[in-house]
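Some notes on the structure that comes next.
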Amino acid sequence: MKKINNKTISLVAILLSLFIIFGTFSILFFNIKITLQNLPFFISAILFGPVIGALVGAIGMFISQLLTFGLSATTIIWIMPHTLVGILLGFLSKINKEKYIFNILISSIILTLLNTLAMYLDSKIMGYYSVAYVFGSLLQRILISIFMSICYIILIPKIINHIKKS
C-alpha cells in the first residue's frame, strides 16, 4: 500500500463517494444492473492495492445496501463480492501493474458471478427469487459485464494517469 497522506485519504473518500453515487444512479432492468459503480471501485483497488480496494468495496456496498434496501439478514452476502474483488484486483494490479485489460476484465466477470451467487443465496434465505430468475439472465449479465469492462479499460488508464500527474 502507498503512503497514507491527506491526498490519499481525500482521493479514497472521493472514490468511495462516487461508488455510492454511481450505484444510486444506475439502470435496473429486472435483475440486470447497468452502472458505472465499479469505475471508482476498480480505480481504488488498482491505485492503492487490495486493502483499500476491499475497504472501498465493503464500505461502499454497505452504504449502497442501506440506502437501497435497508439492513437485512442478507446485507453481508451482498457486501462480500465487492470486498473479495477489491482484494483480487488489488493483488492482480500489484503483480501485473500495466495489464489493465486482463485485470479489469477478469475482476468484472468474477464480480458478476459472485453477485449472481449472492442473489442465489439471498433467494434461498429470503425466498425472493426463483432459480430461473437468478440464473436465467446470467449470460446477459456476463455480456453486460464484458461491455462495461471495455468501457472501464478505455477510461481507467486515462483517469489513473491524470490522478498520478496531480
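All values below were derived from every heavy atom in this structure, side-chain atoms included, with hydrogens, water molecules and symmetry-related copies excluded.
- The main-chain N or O of S108 is found under 3.5 Å from a side-chain atom of S145 such that the two form a donor-acceptor pair.
- Closest non-hydrogen pair, I79 versus M61, comes out as CA-CB, 4.1 Å.
- Between F91 and N103 there is no side-chain heavy-atom pair separated by less than 4.5 Å.
- Under the 4.5 Å side-chain criterion, counting only non-hydrogen atoms from C-beta, I142 is in contact with L113.
- Two residues are said to be in side-chain contact when any heavy atoms from C-beta on lie closer than 4.5 Å; L111 and L89 fail this criterion.
- Residues S26 and K33 come closest through the heavy atom pair OG-CE, 3.3 Å.
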Practice item. Report the C-alpha separation of L36 and Y152 in whole Å, then their side-chain angles, then the decisive distance to 0.1 Å, and conclude whether the side-chain contact (heavy atoms from CB on, under 4.5 Å) test is met. Key: CA-CA 9 Å; L36 291 174; Y152 297 151; 4.1 Å; yes
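- Counting all heavy atoms, side chain and backbone alike, G70 lies closest to T75 at O-OG1, 3.8 Å.
- Under a hydrophobic clustering in which Ile, Leu, Val, Met, Phe, Trp and Tyr are joined whenever their side-chain heavy atoms come within less than 4.5 Å, directly or via other members, L105 and I87 fall into different clusters.
- Between S64 and W78, every side-chain heavy-atom pair lies at or beyond the 4.5 Å cut-off.
- With contacts defined as side-chain heavy-atom distances shorter than 4.5 Å, the pair I159/L39 qualifies.
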Practice item. Go through the steps for T74 and F69 under the test side-chain contact (heavy atoms from CB on, under 4.5 Å), then give the verdict. Key: CA-CA 10 Å; T74 60; F69 303 106; over 6 Å; no
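- Side-chain atoms of K94 never come within 3.5 Å of backbone atoms of P50 as a donor-acceptor pair (strictly under, hydrogens ignored).
- Between I20 and G60 the shortest heavy-atom distance is CG1-O, 3.9 Å.
- At a threshold of 4.5 Å between non-hydrogen side-chain atoms, the residues N38 and H82 count as touching.
- Side-chain contact between I43 and I163 is present, with at least one heavy-atom pair separated by less than 4.5 Å.
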Point to revise | Derivation and outcome, side-chain contact (heavy atoms from CB on, under 4.5 Å), residues I104 and I46 | key: CA-CA 9 Å; I104 292 168; I46 291 168; 4.2 Å; yes
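- Looking at F42, F25, F41 one by one, the single match for ring-ring contact (aromatic ring centres under 6.0 Å, His included) with F19 turns out to be F41.
- Nearest heavy-atom pair, P40 versus F22, reported as atom, atom and distance to 0.1 Å: CD-CD1, 3.7 Å.
- For OH of Y133, the number of neighbouring non-hydrogen atoms (other residues, nucleotides, ligands) closer than 6.0 Å is greater than 12.
- Looking only at distances, no side-chain donor or acceptor of S93 sits under 3.5 Å from a matching main-chain atom of G90.
- A search for ring-ring contact (aromatic ring centres under 6.0 Å, His included) contacts involving F135 returns Y120, not counting sequence neighbours.
- Shortest non-hydrogen contact noted between G86 and A45 is O-CB, 3.8 Å.
- In this structure a side-chain-to-backbone donor-acceptor pair under 3.5 Å is present from N161 to P157.
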Exercise for review: For side chain to side chain donor-acceptor pair (under 3.5 Å), just list the numbers for N115 and T112, CA-CA rounded to whole Å, side-chain angles, deciding distance to a tenth of an Å, and then say yes or no.
Suggested key: CA-CA 5 Å; N115 276 330; T112 299; 6.0 Å; no
